Structures are given as C-alpha cells and as structure tokens.
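For clarity, every value in this text was computed on a predicted model and none was experimentally measured.
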Amino acid sequence: MVTIEEALRVIEDQKIELKSESKPLEEALGYALSTKTTAPFDVPEFDNSAMDGYALCGLYQEYHMVGEVAAGDSKSISLNDGEAVRIFTGAKVPENTTAVMMQEKTSVTDSRLFLDEMPKMGQNIRKKGGQLAEGQTVFEKGHVLNPPSLALMGSLGLSQFAVFSKPRVNIITTGNELVKPGESKTEGQIYESNSYAIAGALQQFGFQHHQKTQIKDDFEATKAGIKTALESCDVLIISGGISVGDYDFVKQSLEENGVKELFYKVFQKPGKPLYFGRKGNQFVFALPGNPSSSLTCFYVYVLPLLQKLSGYSKTGLPTYRFPIQHDFENRFGRPTFLKAAVLDGTVEILDGQGSSMIQSMAQGNALAFVDDGEAMKKGDLIQCKLIS
C-alpha cells in the first residue's frame, strides 16, 4: 500500500512519448501547443481608436470637422492642427492625431466640434504593438488553449497550428449484477452507472473515450476483454473487480495481459483498492466499483496522467483553501477526500460520505481533503479541489 503522495509521484514520474499533430483553429480547444507561438506582427498593427468619438489634432475644446473614419477604412488621412474627424472603435487614427474624445462628451454644430472638457495627450488611443510586439512570445509550449487563447490565435491570423495529441481512452466496467440503464432488471441487479460517470468526467476535461465495454465477473471474459481493449488505447480505465473478493478478477487478468503493476492500494478514503499499471507505452487504472470512489480516483489520479500524456504544462486539479462552515473531525482512520460544496467562499462538508453514495457528490462541487485524525474548527482553512 502507498500513500497519496507516493501514488501521485509514481504517476508524475512516468516517462512518456508525446505525439504531435496539426489542428485547425475551430478544433483546437483544450489541446496543448507543441511549439512556442510568437507574434507574426504587432498587435495592434496600427494606432487605433478605443471608442466611438472624434480624433483630434491638438489639445483644444473646439475643432474644425474634416471627415470620418470607420473601422476597416484603408484610406490615409492626415490632420492639421485644430482639425478633427469622426472615428469609430477599432478604426486607424489619422496621422498627427493627439487624442480621441468619446462622443458622449462632445457636441457638433455645422462643421464645428465642441468638447465638454479638455482632452489629454494620447487618451483613448490604442498604440501599435501595445498588446504584442512582432516576435514576442504569445504562448509557451504546453499552453492549453482555452476560448480566450483561440481568440488571440485567430487575431494573429493563425488558422492551423501544432498541438500535442490526446490519448485514446477505453473504459471497461465489470460486474454480474450490472444492467444497462433502460433495460429491465431483476432482484439483486443494479443499473450500471460508473461508465457514464467516467465518460462524462473525460468529456468535462476535454477528453473522449474510444470504446466502452461491460464484462461479466468471469476470469476468462475479463482477461479477454482487457486484451481486446488494450489493442486500441493509450489509457485503459477499468471500474470494479479490483478488490479481493471471490469474483474480482481484474488484477490477475492484467498480469496475464503483461501489465506491470506500479502501485496497488492507496492509504486513503474513498478509493483504497486503486490500481495503476503500465504495459509499454500504455497505462491502466483499475478503479473501485463504488461510484463515488471511482470518480474520486478519476479526479485525483487519472486526470493528471491524461493531462501529462496531452503535453499540458500543468496537470491535476488545482488545490484551493477555503474556510470551513462548521467543525469537522476525520474519524475514518485514513486521509479522506470528502464530498463538499463551496459557496460564497466557504466550504460545507456534505452528508452521505459513503463510497456508494453518489447523490451528495452530484449536489456538491468539490473534494475537500482532511488528513487522518485531523480536527478542524469552524473558520479553519480546508484544502479543496473544485470538480465542477
């Protein structure tokens, strides 16, 4: 059995071979750049107006109007002292522009422009290169593209770029008692739900599963199912069958398929019977069958590996510290990840902490961590990972 820190270190220390591919702008969300990106030109490329108003030459309160400049106009205008033009947001300011005055602080009579206040040198002008200079680093290798990143890449005219490929993931669930939702079940059977939770968690963080399989608690079936799944994935996630019961065949089946155990069992609650193994450049996680245990292990252990395999410069859910709303003492005998709700900057530990209880996790948005035997008082800061 290993500690939480030891398990995470084993995952972090894995040597991997990253793959790269080219992605179009519209498909690149959630991918990590495989090369550094630099600005191909100044941003902005020219001095432009920050708002609708009037471009002014000289610092006065009265000007002679000589024209208009709209966004996208390519004509070149040069102002003389005391002249002004109507201008719109994003439009290139004329040569010799001293300032831009917002339209709300102006009035026009015939061809005369009057200002409500004195302008200031350079006001409301976005300077050439003010955001990025040509050749300046935009993003380092490993930067994960979020919506603002896509906007910036698009503004640089970049429609296709190199990113790290994401791993192919297969999912296996095990259990004779499991029935697919929507089908009829008999006494003693339950509806299978873990594969949907894992597939949803994958999608939540920008990953997809390639194949999803349900296997009965039978050694030969389990061994064959794992063999087939390993033929088409980089990461195999198995839910259930990893404990020590008479019908838990996953660990033995992984050994039979040449998977080397890297750790088995973590001193934690929930999710003690967690398995992590490797076969060549393929990785296997066998998660406990209880729903909240399975998801907790995904968030804490599986996600960092998936992000590492995707070239992310930072992996894992970030940890925050919030004041707890009430006293709490960990009497579970192990370091514990608790279903919790973060609201208005404080944390509530929810009822229903049993490994099989998923409702409280569905109603919460965080995993709060409390060490073995730790007692917390109301207002103490507690570590939390936000899961939604």
Side-chain angles (χ1 to χ4, degrees), residues 23-29 31-33 35-163 313:
K23 280 286 182 183
L25 180 64
E26 59 269 23
E27 297 177 12
L29 180 67
Y31 281 84
L33 292 169
T35 59
K36 182 172 75 171
T37 303
T38 58
F41 46 76
D42 290 332
V43 180
E45 289 188 81
F46 46 81
D47 291 355
N48 68 87
S49 178
M51 57 186 59
D52 295 345
Y54 296 87
L56 318 170
C57 183
L59 301 176
Y60 310 106
Q61 281 191 273
E62 184 178 340
Y63 297 84
H64 176 61
M65 292 287 295
V66 295
E68 178 179 289
V69 182
D73 279 355
S74 57
K75 61 186 177 184
S76 181
I77 297 177
S78 180
L79 294 177
N80 296 315
D81 190 49
E83 292 182 337
V85 294
R86 181 82 166 102
I87 197 166
F88 297 89
T89 303
K92 181 178 179 180
V93 299
E95 187 178 345
N96 300 328
T97 296
T98 305
V100 172
M101 179 62 72
M102 66 174 65
Q103 63 184 16
E104 291 84 356
K105 295 183 178 181
T106 66
S107 60
V108 177
T109 302
D110 297 326
S111 62
R112 304 301 296 175
L113 170 69
F114 301 94
L115 309 186
D116 297 343
E117 61 186 34
M118 282 292 292
K120 297 177 181 178
M121 179 71 71
Q123 77 180 55
N124 300 324
I125 298 176
R126 300 171 180 152
K127 302 299 290 183
K128 177 183 178 181
Q131 182 175 179
L132 288 169
E134 182 178 351
Q136 182 179 342
T137 298
V138 181
F139 296 123
E140 295 288 352
K141 174 181 176 180
H143 174 79
V144 180
L145 294 164
N146 56 20
S149 302
L150 298 181
L152 182 52
M153 296 292 263
S155 74
L156 296 172
L158 302 174
S159 61
Q160 193 97 9
F161 28 84
V163 297
S313 57

S.K.: So do the side chains of Leu158 and Leu25 get within less than 4.5 Å of each other, counting heavy atoms only?
M.R.: no
S.K.: Does the side chain of Phe41 come within less than 4.5 Å of Leu132's, by heavy atoms?
M.R.: no
S.K.: Run the numbers on Thr35 and Lys141 for side chain to side chain contact (heavy atoms under 4.5 Å, CB included), then give the verdict.
M.R.: CA-CA 5 Å; Thr35 59; Lys141 174 181 176 180; 5.8 Å; no
S.K.: Measure the CG-CG distance between Leu29 and Asn146 for me, rounded to the nearest 0.5 Å.
M.R.: 7.5 Å
S.K.: For residues Asn124 and Val100, report the shortest heavy-atom separation together with the two atoms involved.
M.R.: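 Minimum heavy-atom contact is ND2-O, 2.8 Å.
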S.K.: What distance separates Glu117 CD from Thr106 OG1, expressed to the nearest 0.5 Å?
M.R.: 10.5 Å
S.K.: For a quick test of reading the model, state the closest non-hydrogen atom pair linking Ala32 to Gly142 and the distance between them.
M.R.: CB-O, 3.8 Å
S.K.: Evaluate side chain to side chain contact (heavy atoms under 4.5 Å, CB included) for Tyr54 paired with Leu115, printing each intermediate quantity in order.
M.R.: CA-CA 10 Å; Tyr54 296 87; Leu115 309 186; 5.8 Å; no
S.K.: Apply the test side chain to side chain contact (heavy atoms under 4.5 Å, CB included) to residues Glu83 and Ile77: give CA-CA distance (whole Å), side-chain angles for both, the deciding distance (0.1 Å), then the verdict.
M.R.: CA-CA 11 Å; Glu83 292 182 337; Ile77 297 177; over 6 Å; no
S.K.: Please, which pairs that meet side-chain hydrogen bond (donor to acceptor under 3.5 Å, both in side chains) have at least one residue in residues 153-163, sequence neighbours excluded?
M.R.: Ser22-Gln160
S.K.: Could you tell me the separation between the CE atom of Met51 and the CZ atom of Arg126, rounded to the nearest 0.5 Å?
M.R.: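 Atom-to-atom, Met51:CE and Arg126:CZ are 8.5 Å apart.
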S.K.: Suppose we screen for side chain to side chain contact (heavy atoms under 4.5 Å, CB included). Which residues come up paired with Asp42, at least two apart in sequence or across chains?
M.R.: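 Per chain and number, Asp42 pairs via side chain to side chain contact (heavy atoms under 4.5 Å, CB included) with Lys128, Ala133, Glu134.
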S.K.: Check whether any side-chain heavy atom of Ile87 sits under 4.5 Å from a side-chain heavy atom of Pro94, and report yes or no.
M.R.: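 Yes, close enough: below the 4.5 Å cut-off.
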S.K.: Do Leu113 and Leu56 touch side chain to side chain, with heavy atoms closer than 4.5 Å?
M.R.: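 Leu113 vs Leu56: side chains touch.
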S.K.: Is a side-chain donor or acceptor of Glu27 paired with a backbone partner of Pro24 at a separation under 3.5 angstrom?
M.R.: no
S.K.: Under 3.5 Å, side chain of Thr97 to main-chain N/O of Ala99, donor-acceptor pair present?
M.R.: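 Pair absent, no side-chain N/O of Thr97 close to backbone of Ala99.
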S.K.: Only one of Pro119, Cys57, Ser111 passes side-chain contact (heavy atoms from CB on, under 4.5 Å) with Tyr63; say which it is.
M.R.: Pro119
S.K.: Could you give me the CA-CA distance, side-chain angles and deciding distance for Ser149 and His143, then say whether side chain to side chain contact (heavy atoms under 4.5 Å, CB included) is met?
M.R.: CA-CA 9 Å; Ser149 302; His143 174 79; 2.8 Å; yes
S.K.: Would the distance check show the side chain of Arg86 and the main-chain N or O of Gly67 forming a donor-acceptor pair, the cut-off being under 3.5 Å?
M.R.: no
S.K.: Mind listing the closest non-hydrogen atom pair of Lys127 and Asp47 along with its distance?
M.R.: NZ-OD2, 3.1 Å
S.K.: If you measure from CZ on Arg112 to OG on Ser107, what distance do you get to the nearest 0.5 Å?
M.R.: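 These two atoms lie 11.5 Å from each other.
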S.K.: Is there a donor-acceptor contact under 3.5 Å from the side chain of Asn96 to the main chain of Leu79?
M.R.: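 It does hold such a pair.
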S.K.: I need the Met101 CE to Gln61 CD distance, nearest 0.5 Å.
M.R.: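 One gets 8.0 Å once the value is rounded to the nearest 0.5 Å.
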S.K.: Give me the atom names and distance for the closest heavy-atom approach of Val85 to Glu68.
M.R.: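 Heavy atoms only, the tightest pair is CB-N, 4.3 Å.
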S.K.: Roughly how far apart are Thr37 OG1 and Met153 CE, rounded to 0.5 Å?
M.R.: 4.0 Å
S.K.: Using only atom types and a distance under 3.5 Å, with no angle test, would you say the side chain of Asp52 pairs donor to acceptor with the backbone of Thr89?
M.R.: yes
S.K.: Which pair of heavy atoms, one from Leu152 and one from Gln131, lies closest together, and at what distance?
M.R.: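 Residues Leu152 and Gln131, closest heavy atoms: CD1-OE1, 3.9 Å.
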S.K.: Taking all non-hydrogen atoms of both residues, which atom of Leu150 and which atom of Ala28 are closest, and how far apart?
M.R.: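 Here Leu150 and Ala28 meet closest at CD2-CB, 4.1 Å.
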